[in-house]
Amino acid sequence: MVPASWYVALSAVLFSMGVLGVLIRRDPLVIFMSIELMLNAANLALVSLGQRWGTAEGQALVFFVMCVAAAEVAVGLAIIVVIFRVRRRLSVDELNVMRW
Amino acid sequence: MKVVVFAVLAVLVLGSAAGVLIKRNPIHAALFLVVNLASVAGLYLTMRAEFLAAAQVIVYAGAIAVLFVFAIMVLIPGKEETGPDLLRSQRMMAVPLVGIFLLLAALVLRSGVLHTPGPSAAVPGGVEALGRLLFTDYLFPFEVTSVLLLVAIVGVIALAKRKAGTE
């Protein structure tokens with residue numbers, strides 16, 4: 001049996017890779033993908049710790065995280081498309097105002 | 001055997017995450033993301049969380065990945081990373097900061113928080129226990145989730161209908 005701490009360690013590494021992606025990339029789409037990586041890392045830790053304690057509550061939380069992630073991706077991508085329509089360019093460094 | 005499966009899946013997860021970070025072309029990054037999400041689904045299976053593995057494949061590797069690919073096809077990005085990098089020094093700071101975070105995580109793991117014995121080693125009966133929990137203790141959050149998804153649908157339609165230049 002693989003100990004739960006291995007899963008938690010894997011999720012910590014995966015989460016930090018997501019943080020790195022958000023910090024070093026300039027393409028908002030790739031930044032979004034990195035956010036998905038971080039959400040997945042959190043889900044992994046939740047499931048492994050839930051199984052470790054012998055309850056299904058971790059899995060229930062992951063279910064809600066998945067729903068929120070789906071809503072977040074839909075709204076976020078729509079916002080990116082609108083920004084692209086107005087600006088014709090997508091670099092996050094140039095996005096310094098909230099309205100035009 | 002379980003250790004071997006875990007090791008293979010862990011290598012897949014970390015390798016594909018590195019692919020997402022490194023690849024310049026966003027479509028390659030999206031494909032690496034699919035590999036990553038599918039490997040995480042495999043990890044769920046090794047933990048006997050069958051429902052989540054299926055939901056992961058359908059929701060993440062299916063719907064969300066398709067959404068990403070659609071967005072990439074509509075926007076055709078790829079030139080964002082080529083211009084002069086105005087914030088290069090700030091980006092270089094990210095690497096040591098993430099290193100510090102990893103160090104903290106390693107310290108926490110080594111401190112033995114997870115070595116205390118749990119109340120029971122028995123893994124609950126997968127889908128049945130989860131379903132029971134979702135429709136009893138977590139019924140209200142479950143219903144709120146449906147409202148959240150409805151709000152997201154309405155919001156996306158409102159955003160997408162607006163023409164450029166009009167308020």
Side-chain angles (χ1 to χ4, degrees), chain A residues 1-10 12-14 16-21 23-27 29-30 32-34 36-37 40 43-44 47-48 51-57 59-60 62-64 66-71 73-75 77-82 84-86 89-91 93, chain B residues 2-3 6 10 13-14 17-18 20-21 26 29-30 33 36-37 40 43-44 47-49 52 55 59 63-64 67-68 71-72 74-75 77 80-81 83 86-87 91 94 98 101-102 105 109 114 118-124 129-130 133-134 138 141 145 148-149 152 155-156 159-160 162 164:
Chain A
M1 190 64 196
V2 181
S5 56
W6 291 16
Y7 285 100
V8 179
L10 177 65
V13 176
L14 188 58
S16 25
M17 290 177 93
V19 174
L20 199 61
L23 291 177
I24 65 174
R25 295 298 297 255
R26 280 187 279 172
D27 187 339
L29 287 167
V30 180
F32 245 100
M33 293 178 201
S34 305
E36 295 304 312
L37 289 184
N40 261 284
N43 284 354
L44 201 56
V47 174
S48 63
Q51 303 300 73
R52 165 97 176 67
W53 290 93
T55 71
E57 305 218 344
Q59 295 187 45
V62 169
F63 177 79
F64 295 127
M66 277 184 183
C67 291
V68 173
V73 167
V75 175
L77 287 178
I79 291 174
I80 291 176
V81 169
V82 172
F84 182 75
R85 266 195 210 151
V86 176
R89 236 177 105 76
L90 267 184
S91 184
D93 294 347
Chain B
K2 279 186 171 173
V3 176
F6 175 81
V13 165
L14 294 181
V20 174
L21 297 194
L33 185 71
N36 185 282
L37 299 172
V40 173
L43 283 174
Y44 289 159
M47 286 186 279
R48 307 277 313 276
L52 285 183
V59 175
I64 290 182
L67 215 53
F68 268 117
I72 293 167
V74 169
L75 304 177
E80 283 69 37
E81 315 260 342
L86 304 172
L87 302 172
R91 287 211 169 73
V98 170
F101 176 79
L102 270 179
L109 277 175
L114 293 172
S120 72
V123 178
L130 178 60
L133 206 58
L134 276 181
Y138 288 90
T145 305
L148 172 77
L149 290 176
V156 167
L159 275 173
R162 190 182 294 164

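Scope of the values below: all heavy atoms of this structure, side chains included, with no hydrogens, waters or symmetry mates. Just so it is clear, the model here is predicted, and its values are computed rather than measured.
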Please report the shortest heavy-atom distance between [X] and [Y], naming the atom on each side.
X       : Y       : result
A/Leu29 : B/Ala71 : CD2-CB, 4.0 Å
B/Arg48 : A/Gln51 : O-NE2, 3.8 Å
A/Ala74 : B/Leu67 : CA-CD2, 3.9 Å

Given a strict heavy-atom distance threshold of 4.5 Å, which part of [X] is in contact with chain A: side chain, backbone, both, or neither?
X        : value
B/Leu52  : both
B/Leu102 : side chain
B/Phe68  : both
B/Ala17  : both

Could you pull out all residues at least two apart from B/Tyr44 that satisfy side-chain hydrogen bond (donor to acceptor under 3.5 Å, both in side chains)?
none
Is there side-chain contact between A/Leu20 and B/Leu21, with at least one heavy-atom pair below 4.5 Å?
yes
Is there a side-chain contact between A/Leu10 and B/Leu43 in this structure, where contact means two heavy atoms from C-beta onward sitting under 4.5 Å apart?
yes
Listed partners of B/Leu134 passing side-chain contact (heavy atoms from CB on, under 4.5 Å), at least two apart:
A/Ala60, A/Phe63, A/Phe64, B/Leu130, B/Tyr138, B/Phe142
If you tally heavy-atom pairs under 4.5 Å between each of B/Leu149, B/Leu37, B/Val40, B/Leu14 and chain A, the highest tally belongs to B/Leu14
Spatial distance of atom [atom1] ([X]) from atom [atom2] ([Y]) [nearest 0.5 Å]:
X       : Y        : atom1 : atom2 : answer
A/Met66 : B/Thr145 : CE    : OG1   : 13.0 Å
A/Phe32 : B/Leu33  : CZ    : CG    : 12.0 Å
B/Ile72 : A/Leu77  : CD1   : CG    : 9.0 Å

Please state whether the side chain, the backbone, both or neither of A/Leu44 comes within less than 4.5 Å of a heavy atom of chain B.
both
I'd like to know whether A/Asn40 forms a side chain to side chain contact (heavy atoms under 4.5 Å, CB included) with B/Val13, so could you lay out the CA-CA distance, the side-chain angles of the two residues, the decisive distance to 0.1 Å, and finally the verdict.
CA-CA 10 Å; A/Asn40 261 284; B/Val13 165; over 6 Å; no
Students often mix this up, so state it plainly: with edges at 30° and 60°, are the rings of B/Phe6 and A/Trp6 parallel, tilted or perpendicular?
tilted
